[in-house]
Amino acid sequence: MTLLNRFLNLVSNLLRSAGAFALTLMMLITVADVAGRFFKHPIFGSVEIVGFLAVAVAAGALPHTYKVGGHVGVEIITRLLPRRARLLLDLFTRTLTLILFSVVAWQMFVYAKDMQQAGEVSMNLEFPLHYIVLVLAISLAFFSGTILQQIVDTVNQLKKRTTR
């Protein structure tokens, strides 16, 4: 395994753990807020906090979910194709996915910079929103790296098939 693969796996595992932690915090804050409402003392800004944490959950889950193939896929027709055709189809779709998420990550970095310059903050807590967008942008950049890693693996599988 190359150094880049080890690095991407490490980051993927860290993001997954951060996402799991954020999900746990979401649950605890929601429970505490509901209990606080019962006693007429809700948590101020809990809706914003849970929303921010939801971004962290989604951002943290993306690279690992893609790496392990945990995303939804319809394979009714593709299972009938020969292995080489499936690999070529995977290569095509992964390349399109890489292009899409690379552009989205890049634009998220641009958007975070614009939000920082504009000084946008959340409504209740007045938390700078560019930090949330920046977290998502960084995660999407690593997600793009994970997609690239999968493309390289697919190309290597195609090479193995043609050399036999």
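Note that these values count all heavy atoms, side chains included, but never hydrogens, waters or copies made by symmetry. Quick caveat, the model's predicted, so the values are computed rather than measured.
- Under a 4.5 Å side-chain heavy-atom criterion applied to ILVMFWY residues, the cluster that includes Leu81 comprises Leu89 as well.
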Mind listing the side-chain donor-acceptor pairs of residues 54-62 below 3.5 Å, one per line with the distance, residues two or more places apart or on another chain?
none

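- Residue pairs meeting the side-chain hydrogen bond (donor to acceptor under 3.5 Å, both in side chains) criterion with at least one partner in residues 96-109, sequence neighbours excluded, do not occur; the list is empty.
- Listed by chain and number, the residues in a side-chain hydrogen bond (donor to acceptor under 3.5 Å, both in side chains) with Thr65 amount to none (sequence neighbours excluded).
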Only distances under 3.5 Å count here; give the side-chain donor-acceptor pairs of residues 112-119 to other protein atoms, sequence neighbours excluded, each with its distance to 0.1 Å.
none

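- The heavy-atom pair separating Ala105 from Ala141 by the smallest distance is CB-N, 3.8 Å.
- Judged as a side-chain hydrogen bond (donor to acceptor under 3.5 Å, both in side chains), and not counting sequence neighbours, Thr78 has no contacts.
- To the nearest 0.5 Å, the span separating NZ on Lys67 from CG on Asn5 amounts to 9.5 Å.
- Under the ring pair (Phe, Tyr, Trp, His ring centres under 6.0 Å) criterion, Phe109 pairs with no residue at all, not counting sequence neighbours.
- Legend: side-chain hydrogen bond (donor to acceptor under 3.5 Å, both in side chains) pairs involving residues 128-146, not counting sequence neighbours: none detected.
- Within 6.0 Å of CG in Leu28 there are more than 12 heavy atoms belonging to other residues, nucleotides or ligands.
- With sequence neighbours excluded, the residues forming a side-chain hydrogen bond (donor to acceptor under 3.5 Å, both in side chains) with Asp33 are Arg37, Ser46, listed by chain and number.
- Checked against ring pair (Phe, Tyr, Trp, His ring centres under 6.0 Å), Tyr66 has the following partners two or more places apart in sequence or in another chain: His71, Phe143.
- In summary, of the residues considered (Leu25, Ile29, Thr30), a side-chain contact (heavy atoms from CB on, under 4.5 Å) with Ile49 occurs for Ile29 alone.
- Taking both residues in full, the closest heavy atoms of Pro63 and Ser12 are given as C-OG, 3.9 Å, listed atom of the first, atom of the second, then distance.
- Not counting sequence neighbours, Phe92 has no partner by the ring pair (Phe, Tyr, Trp, His ring centres under 6.0 Å) test.
- Considering only residues two or more places apart in sequence or on other chains, Gln150 meets the side-chain hydrogen bond (donor to acceptor under 3.5 Å, both in side chains) condition with none of them.
- Side-chain contact between Asn124 and Phe44 is present, with at least one heavy-atom pair separated by less than 4.5 Å.
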